[in-house]
Amino acid sequence: MFATTLSYQNSAQTATLPHDLFAAIQDLKREMNAVILAHYYQDPDIQDIADFIGDSLGLSRQAADTDAEVIVFAGVHFMAETAKILNPDKLVLLPDLAAGCSLADSCPPDAFAAFKAAHPDHLVVSYINCTAEIKAMSDIICTSSNAVKIVSQIPAAQPIIFAPDRNLGRYVMEQTGRELLLWQGSCMVHETFSEKRMVQLQVEHPDAEIIAHPECEPAVLRHAKYIGSTTALLNYSLKSQSPAFIVATEPGIIHQMQKQAPHKQFIPAPPTNHCACNECPHMRLNTLEKLYLAMKNRSPEITLSEAIRIAALRPIQRMLDMS
Ligand code: 13P
Ligand code: SF4
């Protein structure tokens, strides 16, 4: 293996980088008995080296089932934290510990505890995009791919708090006909799409179908031919007869869409400004270099208190059983 003279800084640790990062990561994977789990919003290079790419539900299932000793989580903090909740004895690495989530941040534990205490008769269903503290205060966790299914299984007379994403919550209300008490959180990426520019784009591409993630605002969702989780959007784009798609979610998913359907056209839905703010700044903190260094240094790792872990595990297990 060759080493460059370049060095790279990560969590106050420096190391020289090999020329062939892909080969070096494969070697470390074997040596460490590690599995690399990646979300679709990661850089294409990271997606290409991952053992499994998926949506939040798929990644949780993989984390629950893996025999590997080390889980390298190429995603954001709440995802790696979920993997650690499911695997307390495994080393769970996140290439950049600062890879957070604006949606998880929009639900601070103290404020949520007060909200919950004000509605003691409500069952708490929380979207997986939240911290372990919020999970520990929840009855059932859901993801964008099973939220409708999970809420539908709750007896009709049971009042429900849905947190933290108001857009997914509104979508679940529409789909189930249930009244939900919504926490007013949202994702900075999915609220950036411009309805006006998307409709203009649709006029320019009359053959294109608009497909959207349920974290988008209602004004965007009402134009969508199909709404679903990242995996559901990918699968829909592969099986639809349409030659083109306007994709209203983080554009990292387009790497997989284009790979699996090279003859189709995938157009990222435009944000309100002419910026790159439809890319998740948290997800994009992870790089192939940081992933290599995290494996090499066995750090940064996810840690959490055992009391919170046990309390957060119960609603996650309930979700896995119910979906
Ligand atoms: P899914 O991949 O589960 O649809 O979630 C999207 C998302 O926002 C992850 O942060
Ligand atoms: Fe969080 Fe939104 Fe980024 Fe997903 S896309 S990690 S919900 S900020």
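Numbers here simply count residues along the sequence, with the first being 1. Each ligand, and each atom within it, is numbered from 1 in the order the structure gives. In this text the structure is predicted, and so the values were computed from the model without any measurement.
Of all the heavy atoms of T230, the ones lying under 4.0 Å from any atom of ligand 1 are found in both the backbone and the side chain. Heavy atoms of H213 found under 4.0 angstrom from ligand 1 belong exclusively to the side chain. Contacts of Y41 with ligand 1, taken as heavy-atom pairs under 4.0 Å, involve the side chain alone.
Dense packing is recorded around CG of D121, with more than 12 heavy atoms of other residues, nucleotides or ligands lying under 6.0 Å away. By the neighbour-count criterion of 12 heavy atoms within 6.0 Å, atom CG of D110 is sparsely surrounded, having that number or fewer from other residues, nucleotides or ligands.
Residues S144 and Y171 have side chains that never bring a donor and an acceptor to within less than 3.5 angstrom of each other. Between the side chains of T230 and D55, not a single donor N or O lies within less than 3.5 Å of an accepting N or O. S240 and E209 share a donor-acceptor pair across their side chains, judged by distance under 3.5 Å alone. A donor-acceptor contact closer than 3.5 angstrom is absent between the side chains of Q202 and H223. Side-chain N/O atoms of E250 and N278 include no donor and acceptor closer than 3.5 Å. Using a 3.5 Å distance cut-off with no hydrogens or angles, the side chains of S194 and T272 do not pair a donor with an acceptor.
Contact atoms of ligand 1 toward H39: 1 (P), 2 (O), 5 (O), 6 (C), 9 (C) (distance under 4.0 Å to a heavy atom of the residue). For ligand 1 and S229, the ligand atoms under 4.0 Å from any heavy atom of the residue are 4 (O).
Taking the six-membered ring for Trp and the full ring otherwise, the centers of F115 and W183 sit less than 6.0 Å from each other.
Protein heavy atom in closest approach to atom 8 (O) of ligand 1: E215 OE2, 3.0 Å. Taking atom 10 (O) of ligand 1 as the reference point, the nearest protein heavy-atom neighbour is N129 ND2, 3.4 Å. Protein heavy atom nearest atom 9 (C) of ligand 1, with residue, atom name and distance: M79 CE, 3.6 Å.
Protein contacts to atom 2 (Fe) of ligand 2 involving N, O or S atoms at a distance below 2.8 Å are C187 SG.
Residue pairs meeting the salt bridge (charged side-chain N to carboxylate O under 4.0 Å, His left out) criterion with at least one member in residues 257-280, sequence neighbours excluded: D48-K259.
Looking at S144 next to ligand 1, an N or O pair under 3.5 Å apart turns up. Residue S56 has at least one N or O atom closer than 3.5 Å to an N or O atom of ligand 1.
With a 4.5 Å cut-off on side-chain heavy atoms, L123 and I161 do not count as touching.
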